[in-house]
Chemist: 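I have a structure I would like to understand better, so I am pasting it below and will then ask my questions one at a time.
In what follows, chains are A, B, ... by sequence order, proteins preceding strands, each numbered from 1.
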Amino acid sequence: MINITLKDGTVKTYESGITVFDVAKDISSGLARVTLAGELNGELVDIRKPILEDSTLSLLTFDDEGGKHAFWHTGSHLLAQAVKRLYPQAKLAIGPAIDHGFYYDIDVDVIITPEIMEKIEKEMAKLVKEGLAIERSELSRADALEKVKNEGEFYKEELIQNLPEDAIISFYSQGEFSDLCAGPHINNLSPIKAIKLLSLAGAYWHGDEKNKMLQRIYGITFPKKSQLTEYLERIEEAKKRDHRKLGKELDLFSIQEEGPGFPFFHPKGMVIRNELESFWRQEHQRRGYQEIKTPIILNAELWKRSGHWDHYKENMYFTEIDESDYAIKPMNCPGGMLVYKRKGHSYRDLPLKMGELGLVHRHELHGALHGLMRVRAFTQDDAHIFMTPEQIKEEVIKVINLADDIYKVFGFNYRVELSTKPEKAIGSDEVWEMATEALRDALVTKEIDYRLNPGDGAFYGPKIDFHLEDSLGRTWQCGTIQLDFQMPERFDLNYIGSDGEKHRPVIIHRTILGSIERFFGILIEHFAGKFPVWLAPVQVMIIPVADVHHDFAKGIADELMDIGVRASVDVRDEKLGYRIRDAQMQKIPYMLVVGDKEAEGGDLALRMRDTGDAGLISLEDLKEKLIEKIKTRSLTLD
RNA sequence: GCUGAUGUGGCUCAAUUGGCAGAGCAGCUGAUUUGUAAUCAGCAGGUUAACGGUUCAAGUCCGUUCAUCAGCUCCA
């Protein structure tokens with residue numbers, strides 16, 4: 001007999017070998033119906049999993065991540081089964097559950113069109129009606145290989161061959177369909193009440209562009225029809241926050257055919273950008289950073305010395321001046337190195353922090369461009385910290401703190417990744433190991449959860465990345481902290497130590513916002529265009545009731561502008577309601593309606609973006625409120 | 001770069017089987033003088049992404065290129 005401790009702390013005694021599903025059934029048939037998977041001693045397990053020893057067990061439903069995972073993984077099998085029924089010649093590659101739904105990569109000789117997707121969707125619904133049970137079985141490596149070979153599933157064959165020696169090879173089957181799969185899966189198909197195939201894309205086998213491109217079908221399933229409707233509505237809502245759409249509507253920026261990947265910033269976008277940059281300068285100055293600006297075009301020799309010529313050439317643009325080769329900078333570091341090298345340095349100068357809002361150009365693949373998020377010209381909020389090896393940890397921690405301080409101002413959540421040595425890299429393994437450990441040490445000291453991203457470091461060093469989310473939950477790298485022992489060597493940088501000898505400094509390359517462009521895009525989506533007061537292009541729109549109130553309105557605007565508030569008067573010959581609507585749609589935080597009553601009485605009728613009419617306020621109180629909101633970079637209006 | 005889809009006034013979208021390119025909003029002009037999310041009327045605005053082809057006739061069919069969108073790959 002074994003003891004099983006449940007989520008609520010109750011302990012139940014069962015015979016060894018009882019399955020997760022049987023435990024659920026024993027508790028109640030209702031619970032058994034909604035249980036999709038289990039979490040056994042902290043590990044996600046199949047609902048069929050026999051429990052052999054004293055354990056803690058959580059029964060997972062669709063409300064749990066693990067339950068969703070099993071549900072969607074089964075969704076992907078259902079998709080594959082439907083495809084195989086319609087196109088028996090199709091070869092299956094991989095079909096995992098993802099954060100929102102699932103996909104399956106399929107190699108089939110017909111081009112899947114939206115019409116075919118509809119057909120597949122119908123076939124899936126038909127399969128659910130058949131009420132097939134899902135069964136799990138294990139095979140030896142030889143038998144498994146034999147099975148998939150007989151079925152002609154050569155992608156599966158390759159997958160099995162790549163499994164580690166001791167791996168348990170399991171298959172899940174439903175009716176005539178069976179698929180190599182580690183699971184977990186749900187008990188049978190009938191809980192799947194809503195099915196939607198979402199999109200279609202090409203995807204390389206093993207993610208390698210040298211391999212064949214397969215057709216990837218994305219889909220999602222739910223236990224209730226209403227959940228699908230809600231999901232689709234949420235997607236629609238998220239699309240309204242898209243920075244490309246809002247950028248157009250609010251007239252912030254544009255990207256035109258004449259310059260793919262080269263964004264134009266419009267007057268209103270520039271207000272936000274300038275506010276961001278002055279905030280950035282303020283935060284850096286008070287932390288001891290100096291600011292520099294290095295040229296955009298520098299000669300080819302420099303890029304050969306820095307290693308970019310050998311390691312980054314495909315992403316660079318080149319030009320020729322007086323018959324010499326020049327490159328347009330894809331990174332700011334070599335220029336920064338030259339500034340450091342201009343004069344001798346003492347250990348007393350270190351750490352030396354040089355910041356640069358540097359405009360870089362990188363050739364990104366045409367298909368990779370995405371609004372402001374991925375462009376071909378962008379301004380990095382770069383800085384290079386020159387320091388002694390002893391200062392590494394402290395300085396890395398200071399940068400982590402700075403990033404956290406800055407992200408907090410916007411109310412962002414972020415995710416941290418640690419990226420290690422890539423294939424194309426310079427420097428010895430020992431130095432890489434040391435640098436990677438230094439970064440890891442800083443993360444551990446700060447008790448930050450991070451995700452490991454092997455092989456994704458810069459070519460000169462490992463890095464800590466900060467990722468922020470867009471409206472659809474896609475994450476984008478913004479801040480980065482990169483440790484570099486290579487550039488100091490290549491540029492023969494040194495400082496004089498307390499011993500009077502020359503020493504090699506170590507460099508941190510870092511950004512906080514990442515690129516101003518990308519950060520701006522994230523910002524638009526994060527706030528859905530409703531910028532906090534300090535960033536809003538127009539902070540107060542004054543709306544006179546009639547012509548006779550224009551002078552009074554302009555007087556108010558002047559007083560506000562005198563204290564640095566961006567105020568504007570809408571003098572157009574339109575009805576009040578029209579102009580309020582317009583200001584509202586421009587997402588202007590505050591509106592003032594001024595007519596006879598205000599001109600006589602002194603107090604002003606205030607309207608706020610989110611809550612509408614806010615009653616009367618005196619000009620003095622309003623000024624105080626605005627100054628406070630702007631100074632504290634408040635995220636709220638009242 | 002790869003796979004698939006898309007491209008019509010500044011914006012959002014119409015245009016039967018190939019048969020005279022249209023509407024709303026925005027803009028301009030005039031009337032209207034307005035109290036918390038759209039006042040009325042008139043005017044102007046297009047080589048239908050570009051180039052080539054088929055046809056008596058192309059926004060529509062075919063080809064090439066460019067751009068955009070969803071992914072893949074890559075990356076701030």
Chemist: Counting only side-chain nitrogens and oxygens, does A:K210 get under 4.0 Å of the OP1 or OP2 atom of B:U73?
Modeler: no
Chemist: I want to verify a distance call: between B:G35, B:U73, B:G71, whose nearest atom is closest to the A:K597 side chain?
Modeler: B:G35
Chemist: From the set B:U68, B:A76, B:G71, return the single nucleotide nearest to any side-chain atom of A:P260.
Modeler: B:U68
Chemist: Report the nucleotide, chosen from B:G4, B:G35, B:G27, that has the shortest atom-to-atom distance to any side-chain atom of A:E598.
Modeler: B:G35
Chemist: Is it the case that the side chains of A:Y460 and A:Q482 hold a donor-acceptor pair, with the cut-off being a distance below 3.5 Å and no angle test?
Modeler: yes
Chemist: May I ask you to verify whether the side chain of A:Q215 and the base of B:G71 hold a donor-acceptor pair under 3.5 Å?
Modeler: no
Chemist: If the threshold is 4.0 Å, N to carboxylate O, is there a salt bridge linking A:E417 and A:R415?
Modeler: yes
Chemist: So, does the side chain of A:Y204 form a donor-acceptor pair with the base of B:G1 at under 3.5 Å?
Modeler: yes
Chemist: How far, in whole Å, is B:G4 from B:G9 if one measures between their P atoms?
Modeler: 27 Å
Chemist: A:M213 side chain: which of B:G27, B:G4, B:G71 is closest?
Modeler: B:G71
Chemist: Answer yes or no: side-chain N or O of A:R216 and base N or O of B:C72 forming a donor-acceptor pair under 3.5 Å.
Modeler: no
Chemist: On RNA chain B, does the nearest nucleotide to A:D582 precede the nearest nucleotide to A:K248 from the 5' side, or the other way round? Give the residue.
Modeler: A:K248
Chemist: Starting at CD of A:E249 and ending at P of B:A26, how long is that distance when rounded to a whole Å?
Modeler: 15 Å
Chemist: How far, in whole Å, is B:U6 from B:C62 if one measures between their P atoms?
Modeler: 11 Å
Chemist: Using whole Å, report how far NZ of A:K329 lies from P of B:A76.
Modeler: 16 Å
Chemist: Should the pair A:K240-A:E236 be classified as a salt bridge under the 4.0 Å nitrogen-to-oxygen rule?
Modeler: no
Chemist: Could you check which of B:C75, B:C72, B:A37 has an atom nearest any side-chain atom of A:A203?
Modeler: B:C72
Chemist: Tell me yes or no: between the side chains of A:E469 and A:W476, is some donor less than 3.5 Å from an acceptor?
Modeler: no
Chemist: I'd like to know if the side chain of A:H266 pairs up with that of A:D251 as donor and acceptor (distance under 3.5 Å, no hydrogens or angles considered).
Modeler: yes
Chemist: Can you measure A:L250 atom CG to B:C11 atom C1' for me and round it to whole angstrom units?
Modeler: 13 Å
Chemist: Please give, in whole Å, the distance from B:A38 P to A:Q586 CD?
Modeler: 16 Å
Chemist: Determine whether the aromatic ring of A:W476 stacks with the base of B:A76, defined as ring centroids separated by less than 5.5 Å and ring planes inclined by less than 30°.
Modeler: no
